[in-house]
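Protein chains get the first letters and strands the later ones, always in sequence-line order, with residue 1 at the start of each.
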Amino acid sequence: MIIGERYQLAPKTLEAIFAALARDGVRVLAPRRVDQHVALLPVKSLAEVALDAVQASGSAKAAVFPPVEQLLSFTGSGQDLRLQDPEPTAPPTVVFGIRPCEARAFKSLQLVFDWDSPDTLFDAHLAMTTVVSLGCTQADEACFCTSVGGGPRDTQGSDLLLQPLQGGGFAADVLTAKGQALLGLAGELLPLGPEGMLEPAPEVEPAFDAARLPEALEAAFDSPVWGEESLRCLGCGTCAFVCPTCSCFDIQDEKRDGGGRRLRCWDSCGLHQFTLHASGHNPRETQGQRWRQRVSHKFLYFPERFSAAACVGCGKCARACPADMSLKEFLRALTRGR
Amino acid sequence: MASNLVSSTRSQGRPPLAPNVFRPQLVRVATVTAEAPGIRTFRLEFLDPAEGQAFRFRTGQFGLYGVFGEGESTFCIASSPTRTGYIECTFREVGRVTTALAACEEGDVIGFRGPYGNAFPLESWAGKSLVFVAGGIALPPLRSVIWNALDWRDRFAGVTIVYGARSVADLVYKRELEQWAARGDVKLVVTVDPGGETPDWKGEVGFVPHVLEKLAPKSADTVALVCGPPIMIKLSLPVLAKLGFGDEAVYTTLENRMKCGLGKCGRCNTGRSFVCKDGPVYTLAQLRHLPAEY
Amino acid sequence: MSVRESDLRATAARLLETGSVAVVIGYGAGTLGRRRPVFVRAPAQAGELVFDDECHQNLATYLLKPEIRRLGRPAVVAIPSVLRSLVQLATERQLKDGDVLALVVGDDGVRELADLAAVRQHLAGLPGSLHPAAKTEIARLSAMTAAERRAFWSDELSRCIKCYACRAACPMCYCERCTTECNRPQWIPVASHGLGTLEYHLMRAMHLAGRCVECATCSRACPAGIPVHLLAVFAEESVRRQFGAEAGAAGPAYALSSFRPEDQEGFIR
């Protein structure tokens with residue numbers, strides 16, 4: 001396989017790759033149906049993958065930033081106190097069948113975890129993860145990848161991009177060495193010539209001009225719009241937890257057997273107690289303030305600091321929100337000078 | 001074969017590529033001083049003498065002090081960087097971690113991560129006068145700067161300290177207040193809130209902002225450092241402005257809720273700022289660009 | 001627009017115009033064909049209100065939120081679960097009689113229920129709260145062996161990420177400081193590992209036993225599609241059977257935290 005080349009990948013060959021991965025104990029996470037739901041879950045075969053779903057409800061960030069992760073463990077006390085670092089290794093993982101929008105999120109996660117000091121746990125996970133994204137043939141009302149610099153066949157963040165071919169099978173673009181190694185499991189593959197017809201990508205009309213957002217957000221800081229728009233927000237952590245780029249976490253100690261461990265676990269700036277002091281003082285007491293922080297962080301502060309987006313326009317937040325909060329709708333209204 | 005994929009990406013028992021940034025250093029509680037009801041000062045010494053000798057920090061920086069099994073809490077380093085071999089912190093017992101810390105005795109071992117954050121640019125204030133304005137439990141962040149400045153006394157012109165608490169009992173660093181008062185090169189004004197004085201109280205009675213206004217320190221070539229409860233800060237800033245202190249000449253230090261201290265977890269984000277990285281020391285000019293969410 | 005909707009909009013506009021309420025909490029058009037809560041404060045906005053079979057969310061949750069309370073006296077579009085919630089919240093002294101105007105939207109127009117007596121009377125004419133689908137599921141789970149049931153819940157809860165959407169959406173979870181937020185001691189581990197997840201859901205089911213209005217808004221809110229409502233509903237049904245109490249009805253309040261000297265159990269004496 002050559003990086004930068006496109007190959008023809010028949011479903012049977014893809015199934016064989018799955019079988020090889022399963023044999024070698026490689027964890028494969030892919031969108032899988034559970035009753036009415038599509039979740040990103042371990043799969044053992046191609047047949048289990050919900051290829052026809054727009055997206056899974058949760059994101060692949062769990063592969064590199066698990067919901068719960070041990071930072072260190074400790075035993076004893078006083079002079080006998082012993083600390084133990086976690087092993088900075090991770091199980092080899094293939095994230096399969098996520099959408100190009102989600103693949104873009106890995107970069108922004110890496111910026112957060114490594115910008116100041118290297119996060120060895122995150123880095124270990126990322127090194128052991130191969131991303132195989134599946135180009136979109138459909139989009140729904142929640143999608144807004146094109147508003148934030150992405151698109152239904154974008155390659156950023158993917159090691160391998162599969163695009164469905166008319167008549168079945170996939171075009172497989174080898175983008176990195178990891179993609180090369182994964183596709184190499186298939187043995188010899190035919191390069192795909194220009195006659196290989198791709199299924200068309202959906203039209204995703206940009207909902208807003210992201211370049212106008214920083215200025216619009218600065219100007220709107222004292223606007224009543226934050227309180228107004230967040231009246232229906234329930235203040236749960238769903239949007240942050242399903243979001244592929246959200247990375248806020250809590251640190252919690254747990255005691256057991258004469259020692260214990262220090263864990264990090266997902267947290268959300270939307271929760272009331274995120275900024276709550278032990279004294280009872282809460283810098284962001286109202287939901288409007290928390291909504292403003294969320295939006296401003298993603299579209300103003302983060303891009304300013306890192307010159308990169310903290311939103312990939314996947315729409316998972318809106319689809320999952322029990323109160324139908326929609327970043328896309330809100331930002332469209334904001335940039336139209338409501 | 002798949003094993004190529006596996007072995008090419010699995011690190012076979014290699015040592016960590018970078019240190020575990022979440023791992024604390026171990027420090028022993030050398031002394032415990034009861035400052036005021038619910039408020040203690042710890043003097044901490046590194047268990048590993050080499051670590052103790054190598055430890056450096058700048059005034060204004062903070063650390064995360066942890067009781068294993070309970071969690072970590074954020075306090076500034078209250079001792080001066082000019083005093084090596086130990087660090088000090090002062091804290092109030094108010095929540096889970098500080099309650100566990102308050103239960104520590106001399107000899108107990110706790111965790112320390114730091115120094116984190118930015119610092120007061122003390123070196124750049126050579127030749128200037130310094131005015132410290134503090135209230136209650138907020139004197140500790142400034143105490144580091146005060147002792148640092150006093151250890152470098154001849155670099156600065158005047159040194160003025162205005163400190164107040166709710167009552168005489170609530171004053172922290174009582175012995176050091178006496179030391180500062182006894183020095184001829186420090187102007188110290190200590191005050192308690194009306195009603196907080198004892199019969200033999202010789203200091204001022206009045207809220208810190210009023211006492212500050214009465215004292216009327218000169219603002220020319222002077223830097224003001226302000227730290228206190230929100231209401232004290234809110235009322236002191238206009239006083240300083242009226243005295244001619246520009247926004248670039250007034251410094252404060254923020255205390256946000258923190259968890260990682262490393263700019264990763266997002267908890268201390270205040271507007272565009274990571275308080276653990278861009279702060280906790282800010283000029284008033286910088287503070288005016290942040291939302292009042294601290 | 002249906003007749004029901006036009007009646008509702010006219011009612012809302014009139015209530016706001018006369019100043020009899022400051023806000024009408026109802027349903028509006030949402031994304032992806034869903035409905036979302038709307039807070040109509042001006043007569044001209046009444047056109048935002050919709051009412052159809054997609055209106056499921058229990059809007060009573062919003063009545064206790066500080067940001068909503070600040071808006072002033074509310075009217076709420078009240079599907080049966082909302083009515084049951086009003087009664088239960090009043091029983092728990094979270095709402096005062098007459099605080100909230102309930103708007104029941106039917107084919108015969110909009111009925112305005114101004115006090116609890118009217119709400120109770122209306123509820124008495126409605127079928128019981130347990131949805132047939134939930135009844136079937138509970139029967140199916142009850143018929144399992146303990147091992148099978150354990151496997152079922154282990155599998156379902158393995159997808160739980162402790163986002164607390166279930167808690168946030170529930171009208172009965174109004175505690176300003178949830179048990180999960182207590183850290184002295186940390187009763188429920190914060191992390192979403194097996195124990196942290198299981199303990200949270202069991203705790204919530206126990207705290208809802210005798211109080212749950214069986215609206216299933218919690219399960220609808222769950223981003224992972226976990227049928228969490230079954231846990232609370234099962235506990236609720238157990239309380240009804242054993243104590244004769246029923247959330248949202250005129251039964252004894254707080255079955256599990258009421259003590260009477262006549263209680264048969266002796267352990268508390």
Side-chain angles (χ1 to χ4, degrees), chain A residues 20-21 23-26 71-72 74 77-79 81 83 85-86 88-89 92 112-113 115-120 123-124 127-128 130 178 181-182 184-185 221 247-255 259-260 262 264 267 269 274-279 281 283-284 289 293 296-297 300-301 304-305, chain B residues 1-24 26 28 47 66-73 92 94-98 107-111 230 255-257 259-260 262-274 277 291-294:
Chain A
L21 292 171
R23 261 199 315 272
D24 247 29
V26 176
L71 297 175
L72 83 147
F74 36 86
S77 62
Q79 293 296 325
L81 189 58
L83 304 183
D85 290 331
T89 58
V112 173
F113 283 103
W115 76 281
D116 188 73
S117 52
D119 192 296
T120 46
D123 292 342
M128 297 296 278
T130 304
K178 280 186 194 168
L182 180 60
L185 296 177
F221 187 82
S247 56
C248 286
F249 59 87
D250 189 5
I251 299 180
Q252 287 284 323
D253 278 19
E254 290 183 358
K255 286 193 273 229
R262 187 159 287 165
R264 73 169 159 208
D267 209 340
C269 62
F274 189 67
T275 46
L276 182 65
H277 291 206
S279 64
H281 170 61
R284 290 199 276 267
Q289 286 174 304
Q293 170 63 21
S296 302
H297 175 77
L300 169 59
Y301 307 139
E304 197 179 80
R305 184 181 288 265
Chain B
M1 293 297 105
S3 53
N4 287 342
L5 182 76
V6 167
S7 61
S8 71
T9 46
R10 193 204 297 278
S11 64
Q12 307 271 358
R14 272 203 323 250
L17 303 163
N20 179 5
V21 290
F22 294 99
R23 186 193 179 102
L26 297 180
R28 179 192 310 108
L47 238 52
V67 175
F68 295 100
E70 298 296 343
E72 297 175 310
S73 201
R92 192 209 312 266
V94 69
R96 175 181 176 184
V97 178
T98 48
D108 284 344
V109 176
I110 63 172
E255 290 199 348
N256 281 42
R257 185 139 177 88
K259 283 279 176 170
C260 75
L262 299 162
K264 295 183 205 289
C265 78
R267 200 171 225 85
C268 70
N269 280 3
T270 297
R272 53 180 35 89
S273 196
F274 283 84
K277 287 275 146 218
E293 291 175 354
Y294 41 79

Residue A:Thr275 versus chain B: region with a heavy atom under 4.5 Å:
both
Using non-hydrogen atoms only, which part of A:Asp267 is less than 4.5 Å away from chain B: side chain, backbone, both, or neither?
side chain
Heavy-atom cut-off 4.5 Å, strictly under: side chain, backbone, both or neither for B:Val97 against chain A?
neither
Could you tell me which of B:Ala292, B:Ser273, B:Gly263, B:Gly95 has the largest number of non-hydrogen atom pairs under 4.5 Å with chain A?
B:Gly263
Side chain, backbone, both or neither: which part of B:Tyr294 has a non-hydrogen atom closer than 4.5 Å to chain A?
backbone
Side chain, backbone, both or neither: which part of B:Cys268 has a non-hydrogen atom closer than 4.5 Å to chain A?
neither
Is A:Phe74 in contact with chain B via its backbone, its side chain, both, or neither, using a 4.5 Å heavy-atom distance?
side chain
Please check if the side chain of B:Lys277 supplies one atom and the backbone of A:Asp116 the other of a donor-acceptor pair under 3.5 Å.
no
Side-chain contact test, heavy atoms from C-beta onward, threshold under 4.5 Å: evaluate it for A:Phe274 versus B:Arg267 and give yes or no.
yes
Residue among A:Arg284, A:Gln79, A:Gln293 with most heavy-atom pairs under 4.5 Å to chain B
A:Arg284
Between B:Arg92 and chain A, which part of the residue has a heavy atom less than 4.5 Å away: side chain, backbone, both or neither?
neither
State whether the number of non-hydrogen atoms from other residues, nucleotides or ligands found under 6.0 Å of B:Glu255 atom CD is greater than 12.
no
Any cation-pi pair here, A:Arg262 with B:Phe22, using under 6.0 Å and within 45°?
no
Strictly distance-based, threshold 3.5 Å: is any side-chain N or O of B:Asn20 a donor or acceptor partner for the main-chain N or O of A:Leu71?
yes
Any side-chain to backbone donor/acceptor pair from A:His297 onto B:Gly266? Under 3.5 Å, distance only.
no
Heavy-atom closest contact (B:Pro24 atom, A:Leu72 atom, distance):
CD-CD1, 3.8 Å
Select one option (side chain, backbone, both, neither) describing which atoms of B:Asn269 are under 4.5 Å from chain A's heavy atoms.
both
Just say parallel, tilted or perpendicular for the rings of A:Trp115 and B:Phe274, cut-offs at 30° and 60°.
tilted
Whether B:Lys259 side chain and A:Ile251 backbone form a donor-acceptor pair below 3.5 Å
yes
What pair of heavy atoms forms the shortest contact from A:Ala278 to B:Val94, and how long is it?
CB-CG1, 3.7 Å
Is there a donor-acceptor pair under 3.5 Å between the side chain of B:Arg272 and the backbone N or O of A:Glu304?
no
Smallest separation among heavy atoms of A:Thr120 and B:Pro19, with atom names:
CG2-O, 3.9 Å
Can you tell which part of A:Ser77 gets under 4.5 Å to a heavy atom of chain B, answering side chain, backbone, both or neither?
neither
Nearest heavy-atom approach of A:Asp119 to B:Lys264 is OD2-CD, 3.4 Å
Any sub-3.5 Å donor-acceptor pair from B:Arg257's side-chain atoms to A:Leu276's backbone N or O?
yes
For A:Leu83 against B:Leu26, the heavy-atom pair lying closest together:
CD1-CD2, 4.1 Å
